[in-house]
*Asks:* 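This structure is in structure tokens; I'll ask about it shortly.
Just the heavy atoms: all of them, side chains too, but no hydrogens, waters or symmetry mates, feed the values below. Along the sequence shown, the residues carry numbers beginning at 1. Model, not experiment: these values are computed from the prediction.
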Amino acid sequence: MTTTPHPLVTAAQRLARDLLVPQAERVDQEGVPASHIEAVKRAGLLGVAAPAEYGGAEAPVAVARRTAEILAGACCSTWFVQTQHHTPVKLLTGHDGRARERLLRPLATGELMAGIAYAHVRAFPRVPVRAAPERGGWRFDGRVPWYTGWGLNDVMLLAGVTDSAELVFAFADAREQPGLVASAPMRLAALTAARTVSLDLNGLWVPQESAVRRVPQAEFAEEDLPRAANAGPAVFGVADAALDLVALGADGEEPARALRARLDEVRREAYALADRPVTREGVARRLAVRTRAYDLMRAATTAAVVAGGGRAMALDSRAQRLAREGMFLLIQGQTADARRAHLDSLASG
């Protein structure tokens, strides 16, 4: 018995086949064009998990994961730009305030595109960005080390730390303005195309109504620990794409089949864990599964390079692009606990 794919899965597959895959190597070298983001918007993928009452699809989590896998495997740079958008949407969905009424519908429908500027709060007790009350709103000072999608995003979810170790999350326009200056786009070994910059904040002011969450740093860290331990869909998407290449090469069909069976097993376990209630005791197991997913992604992308031979060294080779994208995913969203678990696994392997 076969089931009809969810319309958003079909839309993602069509987008990948017709646009993202054919242009992925060019995008990797030249940057994600605004037209790619417009295509993601038209496909309805920015609202995949957004509430239906605000114009979103409110699709099941399995659909959100599958569409993420498809986009990441087709063009990881485009996936990475658009994936930032879903966290602000999720936060606004659970927020009760003026920012929700002002922003959630345009974000859910793709009228606006959001980015995130808060990974730096994981560096605590180091505080790259400080937040302080000022003039009925909030003042932000410091440096956001990484901000992806500059020039493509309309708004960003920014966070800073107060003197009392409280995190303040607020929305700001994603453009240069008084108190906000962006660096030149960073040249990176992978995903340079995603338009990543650093942001210098010198008295950036946002009104109180744009603040959407205040939470003690210790409480946020407790929430973040298990969430950051899960294996993300992009890892499986890049691995799938690499194994597709392997299967097409001489002597590659059987190795691809064997690796895919192991990948599917880890994927099932990773998603099953992610769907369970989060406990601190379960973090170690989640990290172990995440590390196994990394190992299989690395094996898949390495196999794609091996199968490609000398051709894989060319900059327009899909195999080496996937290998570099896999390298990026090894450290994307990395926490200290994830780093320790991964290094321990590599040392004992």
*Asks:* Indicate the atoms forming the closest heavy-atom contact of Leu46 with His85, along with that distance.
*Replies:*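 Here Leu46 and His85 meet closest at O-CD2, 3.3 Å.
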*Asks:* Search all heavy atoms of Val305 against all heavy atoms of Ala312 and return the closest pair with its distance.
*Replies:*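 So the minimum-distance heavy-atom pair works out to O-CB, 3.7 Å.
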*Asks:* Is the backbone of Thr148 close enough, under 3.5 Å, to the side chain of Gln84 for a donor and an acceptor to pair up by distance?
*Replies:*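 Looks like no, no N/O pair under 3.5 Å.
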*Asks:* Under 4.5 Å between any side-chain heavy atoms of Met327 and Arg298, yes or no?
*Replies:*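 A side-chain contact under 4.5 Å is absent here.
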*Asks:* How many angstroms lie between atom OG1 of Thr192 and atom CZ of Phe328, to the nearest 0.5 angstrom?
*Replies:*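 Thr192 OG1 to Phe328 CZ: 10.5 Å, rounded to 0.5 Å.
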*Asks:* What are the two closest non-hydrogen atoms of Leu8 and Thr67, and how far apart are they?
*Replies:*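 Nearest heavy atoms, Leu8 then Thr67: O-CG2, 3.6 Å.
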*Asks:* Among side-chain atoms of Arg122 and Thr335, is any donor-acceptor pair under 3.5 angstrom?
*Replies:*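 On atom types as modelled, these side chains do not qualify, holding no pair under 3.5 Å.
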*Asks:* Quick one: does Asp200's side chain have a donor or acceptor within less than 3.5 Å of a partner on Val181's backbone?
*Replies:*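 No, because the side chain of Asp200 does not come within donor-acceptor range (under 3.5 Å) of the backbone of Val181.
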*Asks:* Do side-chain atoms of Arg290 reach the backbone of Ala341 as a donor and acceptor pair under 3.5 angstrom?
*Replies:*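 Here the side-chain-to-backbone pair does not exist.
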*Asks:* Check whether any side-chain heavy atom of Val48 sits under 4.5 Å from a side-chain heavy atom of His86, and report yes or no.
*Replies:*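 Heavy-atom side-chain distance check passes, below 4.5 Å.
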*Asks:* Going by distance alone, is a donor N or O of one side chain under 3.5 Å from an acceptor N or O of the other, for Ser345 and Thr291?
*Replies:*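 No, no side-chain donor-acceptor contact under 3.5 Å.
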*Asks:* Kindly give the heavy-atom pair with the smallest separation between Ala131 and Phe140, and that separation in Å.
*Replies:*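 Scanning both residues, the minimum pair turns out to be CB-CE2, 3.8 Å.
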*Asks:* Run the salt bridge (charged side-chain N to carboxylate O under 4.0 Å, His left out) check on Arg292 and Glu269 step by step: do they pass?
*Replies:* CA-CA 11 Å; Arg292 284 167 52 204; Glu269 185 174 2; 3.0 Å; yes
*Asks:* Side chains of Trp138 and Gln208 only: does a donor on one sit below 3.5 Å from an acceptor on the other?
*Replies:*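 Yes, a side-chain donor-acceptor pair sits under 3.5 Å.
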*Asks:* Between the main-chain N or O of Glu53 and the side-chain N or O of Arg105, is there a donor-acceptor pair closer than 3.5 Å?
*Replies:*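 Judged by distance alone, yes, a pair lies under 3.5 Å.
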*Asks:* Aromatic contact between Phe220 and Phe124, with the criterion being ring centroids under 6.0 Å apart: yes or no?
*Replies:*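 Aromatic pair excluded; centres sit 6.0 Å or further apart.
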*Asks:* Decide side-chain hydrogen bond (donor to acceptor under 3.5 Å, both in side chains) for Asn230 and Tyr271; before the verdict, give the C-alpha distance in whole Å, the side-chain angles of both, and the deciding distance to 0.1 Å.
*Replies:* CA-CA 8 Å; Asn230 291 322; Tyr271 290 166; over 6 Å; no
*Asks:* Can you confirm whether Leu20 sits close enough to Leu15 that some side-chain heavy atom of one is under 4.5 Å from a side-chain heavy atom of the other?
*Replies:*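 The answer is yes, as the side chains (C-beta and beyond) meet within the 4.5 Å cut-off.
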*Asks:* If I take atom CG from residue Leu103 and atom CG from residue Asp154, how far apart are they, to the nearest 0.5 angstrom?
*Replies:*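 Here the interatomic distance stands at 10.0 Å.
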*Asks:* Taking CZ in Arg139 as the centre, count heavy atoms belonging to other residues, nucleotides or ligands within less than 6.0 Å. Is the count above 12?
*Replies:*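 More than 12 heavy atoms, drawn from other residues, nucleotides or ligands, come within 6.0 Å of this atom.
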*Asks:* Might you work through the side-chain contact (heavy atoms from CB on, under 4.5 Å) test for Val63 and Arg66, ending with a clear yes or no?
*Replies:* CA-CA 5 Å; Val63 172; Arg66 183 64 190 128; 5.8 Å; no
*Asks:* Between the side chains of Arg257 and Glu253, is the shortest nitrogen-to-carboxylate-oxygen separation below 4.0 Å, so that they form an ion pair?
*Replies:*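 Salt bridge present between Glu253 and Arg257.
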*Asks:* So, taking the atom named CD1 in Ile116 and the one named CG in Asn153, what distance separates them when rounded to the nearest 0.5 Å?
*Replies:*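 These two atoms lie 10.0 Å from each other.
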*Asks:* Between Tyr294 and Leu191, is there shared hydrophobic-cluster membership here, with clusters defined by ILVMFWY side-chain heavy atoms closer than 4.5 Å?
*Replies:*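 As far as the 4.5 Å side-chain criterion goes, Leu191 and Tyr294 are connected within one cluster.
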*Asks:* Check for a donor-acceptor pair, side chain of Ser317 on one end and backbone N or O of Met313 on the other, with a separation under 3.5 Å.
*Replies:*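 No; judged by distance alone, with no hydrogens or angles, the pair does not exist.
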*Asks:* Test of understanding: clusters of I, L, V, M, F, W, Y form through side-chain heavy atoms closer than 4.5 Å, transitively. Do Leu107 and Tyr118 belong to the same one?
*Replies:*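 Yes: a chain of side-chain contacts under 4.5 Å links Leu107 to Tyr118.
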*Asks:* Judged by modelled atom types alone, do Tyr147 and Arg195 share a side-chain donor-acceptor pair under 3.5 Å?
*Replies:*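 The answer is no; no qualifying pair exists.
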*Asks:* Spell out, yes or no, whether Val289 and Leu263 are grouped together once hydrophobic residues are joined by side-chain heavy atoms under 4.5 Å, including indirect joins.
*Replies:*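 Same cluster.
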*Asks:* Mind running side-chain contact (heavy atoms from CB on, under 4.5 Å) on His36 and Val40 for me, showing each step along the way?
*Replies:* CA-CA 6 Å; His36 269 42; Val40 173; 5.7 Å; no
*Asks:* Is the CZ atom of Arg187 crowded by more than 12 outside heavy atoms at less than 6.0 Å?
*Replies:*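 For Arg187, atom CZ is not crowded (no more than 12 foreign heavy atoms under 6.0 Å).
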*Asks:* So if you build clusters from Ile, Leu, Val, Met, Phe, Trp, Tyr with side-chain heavy-atom gaps below 4.5 Å, do Met156 and Ile37 land together?
*Replies:*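 No, because Met156 and Ile37 fall into different hydrophobic clusters, even though each may have its own neighbours under 4.5 Å.
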*Asks:* Is Glu166 close to Gln217 at the side-chain level, that is, under 4.5 Å between some pair of heavy atoms?
*Replies:*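 No, every pair of side-chain atoms sits at 4.5 Å or beyond.
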*Asks:* Is the shortest side-chain heavy-atom distance between Leu330 and His342 below 4.5 Å?
*Replies:*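 Touching, per the 4.5 Å side-chain cut-off.
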*Asks:* Is there a donor-acceptor pair under 3.5 Å between the side chain of Arg100 and the backbone N or O of Thr93?
*Replies:*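 Judged by distance alone, yes, a pair lies under 3.5 Å.
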*Asks:* So, His120 side chain and Ala159 main chain: donor-acceptor pair closer than 3.5 Å or not?
*Replies:*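 Yes; judged by distance alone, with no hydrogens or angles, the pair exists.
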*Asks:* How long is the straight-line distance from CZ of Arg321 back to SG of Cys75, given to the nearest 0.5 Å?
*Replies:*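 Between atom SG of Cys75 and atom CZ of Arg321 there are 6.5 Å.
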*Asks:* Answer yes if the side chains of Ser210 and Arg102 hold a donor-acceptor pair under 3.5 Å, and no otherwise.
*Replies:*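 Short answer, yes.
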*Asks:* Does Val215 form a side-chain contact (heavy atoms from CB on, under 4.5 Å) with Phe169? I'd like the steps, not just the answer.
*Replies:* CA-CA 9 Å; Val215 59; Phe169 292 82; 4.1 Å; yes
*Asks:* Between the side chains of Arg130 and Asp163, is the shortest nitrogen-to-carboxylate-oxygen separation below 4.0 Å, so that they form an ion pair?
*Replies:*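 Yes, Asp163 and Arg130 are salt-bridged.
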*Asks:* Which atom names give the shortest non-hydrogen contact between Val89 and Ala50, and what distance separates them?
*Replies:*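 Smallest interatomic distance, heavy atoms only, reads CG1-CB, 3.7 Å.
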*Asks:* Identify each donor-acceptor pair in which a side-chain atom of residues 235-247 lies under 3.5 Å from a protein atom, sequence neighbours left out, and give them as a table.
*Replies:*
unit_1	atom_1	unit_2	atom_2	d
Asp240	OD1	Arg260	NH1	3.2
Asp240	OD1	Arg267	NH2	3.2
Asp240	OD2	Arg267	NH1	2.9
Asp240	OD2	Arg267	NH2	3.4
Asp244	OD1	Arg260	NH2	2.9

*Asks:* Stepwise, does the side-chain hydrogen bond (donor to acceptor under 3.5 Å, both in side chains) test hold for Arg324 with Gln320?
*Replies:* CA-CA 6 Å; Arg324 287 187 290 106; Gln320 63 83 26; 2.8 Å; yes
*Asks:* Taking atom CG of Leu71 and atom OG1 of Thr83, what is their separation to the nearest 0.5 Å?
*Replies:*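 OG1 of Thr83 is found 9.0 Å from CG of Leu71.
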*Asks:* Which atom pair, heavy atoms only, marks the closest approach of Phe171 to Val155?
*Replies:*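 Closest approach of Phe171 to Val155, heavy atoms only: CD2-CG2, 4.2 Å.
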*Asks:* Is the backbone N or O of Leu167 less than 3.5 Å from a side-chain atom of Arg214, with the two atoms forming a donor-acceptor pair by type?
*Replies:*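 Answer holds: no.
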*Asks:* So, do Leu329 and Glu325 sit near enough that their side-chain heavy atoms are less than 4.5 Å apart?
*Replies:*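 They are not in contact (no side-chain heavy atoms under 4.5 Å apart), so the answer is no.
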*Asks:* Is the shortest heavy-atom distance from the side chain of Trp150 to the side chain of Leu199 under 4.5 Å?
*Replies:*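 With C-beta onward as the side chain, the pair touches.
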*Asks:* Does Asp275, at its CG atom, have more than 12 non-hydrogen atoms belonging to other residues, nucleotides or ligands within less than 6.0 Å?
*Replies:*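 Correct, the count exceeds 12.
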*Asks:* With hydrophobic residues grouped by side-chain heavy-atom distances under 4.5 Å, do Leu19 and Val32 end up in a single group?
*Replies:*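 Yes, it is one cluster - the side chains of Leu19 and Val32 are joined through contacts under 4.5 Å.
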*Asks:* Roughly how far, to the nearest 0.5 Å, is CG of Leu346 from CG of Asp295?
*Replies:*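 The distance works out to 6.5 Å.
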*Asks:* Has Glu265 got a side-chain atom pairing as donor or acceptor with Ala261's backbone, closer than 3.5 angstrom?
*Replies:*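 Pair absent, no side-chain N/O of Glu265 close to backbone of Ala261.
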*Asks:* Salt bridge or not between Arg98 and Glu101? Use side-chain N to carboxylate O under 4.0 Å.
*Replies:*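 Salt bridge between Arg98 and Glu101, a charged N being under 4.0 Å from a carboxylate O: no.
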*Asks:* Counting only N and O atoms by type, is there a donor-acceptor contact under 3.5 Å from the side chain of Ser183 to the main-chain atoms of Ser198?
*Replies:*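 Yes; judged by distance alone, with no hydrogens or angles, the pair exists.
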*Asks:* Is there a side-chain contact between Arg213 and His95, using heavy atoms and a 4.5 Å cut-off?
*Replies:*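 Not in contact.
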